[in-house]
*Asks:* 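Before I ask anything, let me first share the structure, which is written out below as structure tokens.
Chain identifiers are assigned alphabetically (A, B, ...) following the order of the sequence lines, protein sequences preceding nucleic acid strands; residue numbering begins at 1 within each chain.
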Amino acid sequence: MAEVFCIGTILGASGFPKPELCAKFAFVAGDGWDIIEGEDSGQTQVDVPGEDDRYTVWSHPVDVHYTTKTIAGWPKLIFQVYHQDMFGRNELYGYGFVHVPTTPGTHHLDVVTWRPAGSFTDQVWAYFLGATPQLKSLDLIHNPSDRFRLQTVAMGKIHLQLSVIVKGFEKHGVQL
Amino acid sequence: MDETADQNVTRCYRTIDLLENLKIKVVLCKVADRRVPLSRLNHGSALSLQLRNERSSLNTGTHALLPHPEELIVRWQKKVMSPKELAEHSANPKKSKLKSREYLHHAVPDEEAENIHTNSKSEGGMFLFTYIDSDEYTDPEDVHRAMTTSANEELSEMAKRALTLTKSLTGPLVGAPGYHDFDSQHTGVSDRPIHLYKPLQDSKFTEMHIMAYIYSEESDGKILRDDLYMKGYEKRLCTIKCYDNGLVMMTPGLSTNDIHYQFQINEDVFQYKLELMSKELDAADEEKEWKIYKEFYDRRLQTKQAHLPSTFQRPPSAPGLRVVLMGEIASASGFTGHSVYIHYLVDLTEGWTVEGGQLPLLSAFTQCSSGYYQAETGVWEARFSFPVEVELISVQGYNHTAWPKIFFEVCSMDNWDRSLVLGYGYVDIPKEPGCYDLNVTTWKPLVSPTNQLKSILVGGSAELDDITYDYIPFGHRGPKLIKYGFQTESSGTINFKMNLIHQRGTLTSTVEADSLRDTNPTQFLKNNAHSISEALQRAKSRLEMIRQNKKNE
């Protein structure tokens, strides 16, 4: 048996077309992984930056304790970024994921994001009504198999800091 | 030497006991008045001197003129009424707070009649009483304490808010007429009623105040006393705040042996001390309590342990190696194209196999991504966030010379859906486990101007027949690899993040390892001389042990 502790902060985001953003996040792991403490998903607040709008600040805490029977299917964090406009409408701004680092220690991570582009009509629709197409299944964020069907637009980056503590791996011959 | 201490200093205590067990003894004593001035000699020790006199019933001299000390044992949230409250109650029982259900609930949980004490028997004009949490009392000293020598010091709005942070303003005061606010009269800051501040519903602490109600002689020597509207001074002796986490804050703190507190009203000087009267925990009880704590934490640990899986993925048999690669094609920058996609291929060299319950994807296409303009560098970047997860097994482990590689092919789709190759690159899977953030540089074949024109008009581009040409072309034999004659043009870079985990095969005490040794000793010898020497060492030490044991016998 082995354990992984993942403690950190979702610091914020930058590089999105508009800075009034919030993010939904969730931990995803393969079979054999279980969360015994902490919450596996959450949502940040909507941050509306002031004058300097290059950086959105969330400072959202993340704290989970995993146990595992295997090294395959190492946990990932998946993200959905939404923009909230002045009318309170939420528009999808990006999907992204990052592997929880496998080396113990503190890591600064940048997560690049993308969103489905949609057809020309979709884009006109989105311009006026603020409704971009979204994924039907969130599996696609972290699953490589069907990605080639998509046409996407590159979006901004999510910044996070994760500290990873591992326990009980070395006695099974695992080197991290 | 006795000392008097500052009454405004807050001291913090911590308790793991129930608050109901908190008991505090207050002793209040008048040490000087008009007739008996405070002598310089016993300035500090007046209280203890007088207490000593009390005890030995040697009430002689000037001290005989002073009233007896007042004493009260205060239990947590036990209401002791002041003469004024009692007068109000008897004058107008309907309006009295004692009737309020909430008040009763908070103040006196069970034996109400018995618990609502009155302390009106005192002869010396001093009464000790309490304000409990539901009294919503705020000490005027907290609000109107002057910080400078200025006569007209005013409290800033910010300070007011900070002081009443956990308290909100409610309706107008239904206060006692003739209420005599000692401190506000003196500082002249405000005649605002002090009962205005009501703790919020969800305030984090409960508090109580130990108070003294004192009739004092005015300078003309007349004692203000009226049957209904008695005029006296309310003086806070101590405020106790208790938080949920067991923090107890006392202003002022408990008096130690030599320290007590002093205050003055008109010409009368008073001293008081606060003592903890709670029953001390005896050793047996303490042990019992620790046992409960230990049991609790042990059980918690046990439940946690029960969640831990007992098995773990078996390592491959030695000297094999399992490599779990969790990578991410993050972005591709510097490629000129309307929409860029990447085709990758994990190239397994001889001796490597793929494992995994899910269909292993050794080759796949990312999505088509339009570019993102980076203002700082002036470079377009396509972003993918595309997972590459492979679990590889090698029989020979670290003895392999050729490690798997990942080849990348960056392509773009133009406006007419024609595919162009923008770059080729490859990355070696590192031999050390860890986290890697790699930038893979790429190149593309250089084409002649005519071919370029053709590419613009008809579409398409020069492509490699074999993607492994990037590294060592498939089927290459010979001592030297020469690519002279092949012209390329450098292209953009791919950002590839990688996490690598190694699981090394072990020999010790696994059945598999033993069987391996039995069935194929030559193979074993060849592959792992190191393990052999280790086994030899172990056998030697065991022999030593047996010899030792025999000697001892």
*Asks:* Could you tell me which portion of W114(A) (side chain, backbone, both or neither) has an atom closer than 4.5 angstrom to a non-hydrogen atom of chain B?
*Replies:*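 Contact with chain B: side chain only.
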*Asks:* Could you tell me which portion of Y341(B) (side chain, backbone, both or neither) has an atom closer than 4.5 angstrom to a non-hydrogen atom of chain A?
*Replies:*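 Nothing of Y341(B), per the 4.5 Å heavy-atom cut-off to chain A.
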*Asks:* Look at atom NZ of K405(B) and say whether more than 12 heavy atoms of other residues, nucleotides or ligands are closer to it than 6.0 Å.
*Replies:*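 Counting other residues, nucleotides and ligands, NZ of K405(B) exceeds 12 neighbours.
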*Asks:* If we define contacts as heavy-atom pairs under 4.5 Å, which of G73(A), G96(A), S145(A), G15(A) has the most with chain B?
*Replies:*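 Looking at each option in turn, the highest pair count goes to G15(A).
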*Asks:* With a 4.5 angstrom heavy-atom cut-off, is it the side chain or the backbone of A2(A) that approaches chain B, or both, or neither?
*Replies:*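 Both backbone and side chain of A2(A) come within 4.5 Å of chain B.
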*Asks:* Could you walk me through whether M155(A) and Y372(B) pass the side-chain contact (heavy atoms from CB on, under 4.5 Å) test, one step at a time?
*Replies:* CA-CA 7 Å; M155(A) 298 303 270; Y372(B) 179 94; 5.8 Å; no
*Asks:* Under a 4.5 Å cut-off applied to non-hydrogen side-chain atoms, are S370(B) and V153(A) in contact?
*Replies:*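 Yes, at least one pair of side-chain atoms sits under 4.5 Å.
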*Asks:* For each of Q151(A), H99(A), K157(A), tally heavy-atom pairs with chain B at distances under 4.5 Å, and name the one with the top tally.
*Replies:*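 Most heavy-atom pairs under 4.5 Å with chain B: H99(A).
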*Asks:* Please examine the side chains of F386(B) and R147(A), heavy atoms only from C-beta on, and report whether any two atoms are closer than 4.5 Å.
*Replies:*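 Contact flag for R147(A)/F386(B) side chains = yes.
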*Asks:* For a 4.5 angstrom cut-off between non-hydrogen side-chain atoms, does H65(A) reach K304(B)?
*Replies:*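 Counting from C-beta outward, H65(A) and K304(B) do come under 4.5 Å.
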*Asks:* On the 0 to 90° scale, with breaks at 30° and 60°, tag the F169(A)-F312(B) ring pair as parallel, tilted or perpendicular.
*Replies:*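 Rings of F169(A) and F312(B): perpendicular, over 60°.
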*Asks:* So which of G30(A), P101(A), G168(A) has the biggest tally of heavy-atom pairs under 4.5 Å with chain B?
*Replies:*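 If we count pairs closer than 4.5 Å to chain B, P101(A) comes out on top.
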*Asks:* Answer with side chain, backbone, both or neither: which region of I329(B) has an atom nearer than 4.5 Å to a non-hydrogen atom of chain A?
*Replies:*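 Interface part for I329(B): neither.
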*Asks:* P433(B) and L176(A): which non-hydrogen atoms are nearest, and at how many Å?
*Replies:*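 Distance-wise, the nearest heavy atoms are CB-C, 4.0 Å.
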*Asks:* Which answer fits T113(A), side chain, backbone, both or neither, if we ask what part of it has an atom under 4.5 Å from a heavy atom of chain B?
*Replies:*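 For T113(A), backbone heavy atoms alone lie under 4.5 Å from chain B.
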*Asks:* Is it the backbone or the side chain of E170(A) that comes under 4.5 Å from a heavy atom of chain B, or both, or neither?
*Replies:*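 Neither part.
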*Asks:* What residue, out of T70(A), T67(A), I36(A), has the most heavy-atom pairs lying under 4.5 Å from chain B?
*Replies:*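 The candidate making the most pairs under 4.5 Å is T70(A).
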*Asks:* With a 4.5 Å heavy-atom cut-off, do S385(B) and Y95(A) have their side chains touching?
*Replies:*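 A side-chain contact under 4.5 Å is absent here.
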*Asks:* NE2 of H107(A) to CG of N499(B): how many Å apart, nearest 0.5 Å?
*Replies:*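 Between H107(A) NE2 and N499(B) CG, I get 8.0 Å after rounding to 0.5 Å.
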*Asks:* Sub-3.5 Å donor-acceptor pair from the side chain of Q313(B) to the main-chain atoms of I71(A), do we have one?
*Replies:*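 A pair under 3.5 Å: yes.
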*Asks:* Considering non-hydrogen atoms only, spot the tightest contact between I141(A) and P387(B) and give its length.
*Replies:*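 Reported closest heavy-atom pair: O-CD, 4.5 Å.
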*Asks:* Less than 4.5 Å to any heavy atom of chain A: does that hold for the side chain of S369(B), its backbone, both, or neither?
*Replies:*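 It is both, since atoms from each part get that close.
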*Asks:* Write out all pairs satisfying salt bridge (charged side-chain N to carboxylate O under 4.0 Å, His left out) with one or both partners inside residues 62-84 of chain A, taking only residues at least two apart or from two chains.
*Replies:*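 Non-adjacent pairs meeting salt bridge (charged side-chain N to carboxylate O under 4.0 Å, His left out): K76(A)-E389(B).
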*Asks:* Minimum heavy-atom separation for Q367(B) to L150(A), with atom names?
*Replies:*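 Of all heavy-atom pairs spanning Q367(B) and L150(A), the closest is CB-O, 3.5 Å.
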*Asks:* With a cut-off of 6.0 Å (strictly less than), are more than 12 heavy atoms of other residues, nucleotides or ligands near NZ of K431(B)?
*Replies:*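 Yes, because the 6.0 Å sphere around NZ of K431(B) holds more than 12 heavy atoms from other groups.
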*Asks:* Please look at E376(B) and chain A and tell me whether the side chain, the backbone, both or neither of the residue comes under 4.5 angstrom of a heavy atom of that chain.
*Replies:*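 Contact with chain A involves no heavy atom of E376(B) at all.
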*Asks:* Is it the backbone or the side chain of N143(A) that comes under 4.5 Å from a heavy atom of chain B, or both, or neither?
*Replies:*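 The backbone, not the side chain.
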*Asks:* Is there side-chain contact between T102(A) and C435(B), with heavy atoms separated by less than 4.5 Å?
*Replies:*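 With C-beta onward as the side chain, the pair touches.
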*Asks:* Can you tell me if CD on E39(A) sees more than 12 non-hydrogen neighbours from other groups inside 6.0 Å?
*Replies:*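 Counting other residues, nucleotides and ligands, CD of E39(A) stays at 12 neighbours or fewer.
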*Asks:* Please confirm whether the backbone N or O of C368(B) pairs with a side-chain atom of T152(A), one donor and one acceptor, at under 3.5 Å?
*Replies:*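 Such a contact is found between T152(A) side chain and C368(B) backbone.
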*Asks:* Please assess I501(B) against W74(A) for the test side-chain contact (heavy atoms from CB on, under 4.5 Å), listing each intermediate value before the final yes or no.
*Replies:* CA-CA 10 Å; I501(B) 308 174; W74(A) 194 271; 3.3 Å; yes
*Asks:* Quick one: what part of H172(A) sits under 4.5 Å from any heavy atom of chain B, side chain, backbone, both or neither?
*Replies:*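 Both parts, backbone and side chain.
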*Asks:* Counting only heavy atoms not in W125(A), do more than 12 fall under 6.0 Å of its CH2?
*Replies:*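 Atom CH2 in W125(A) is not packed in, count stays at 12 or less.
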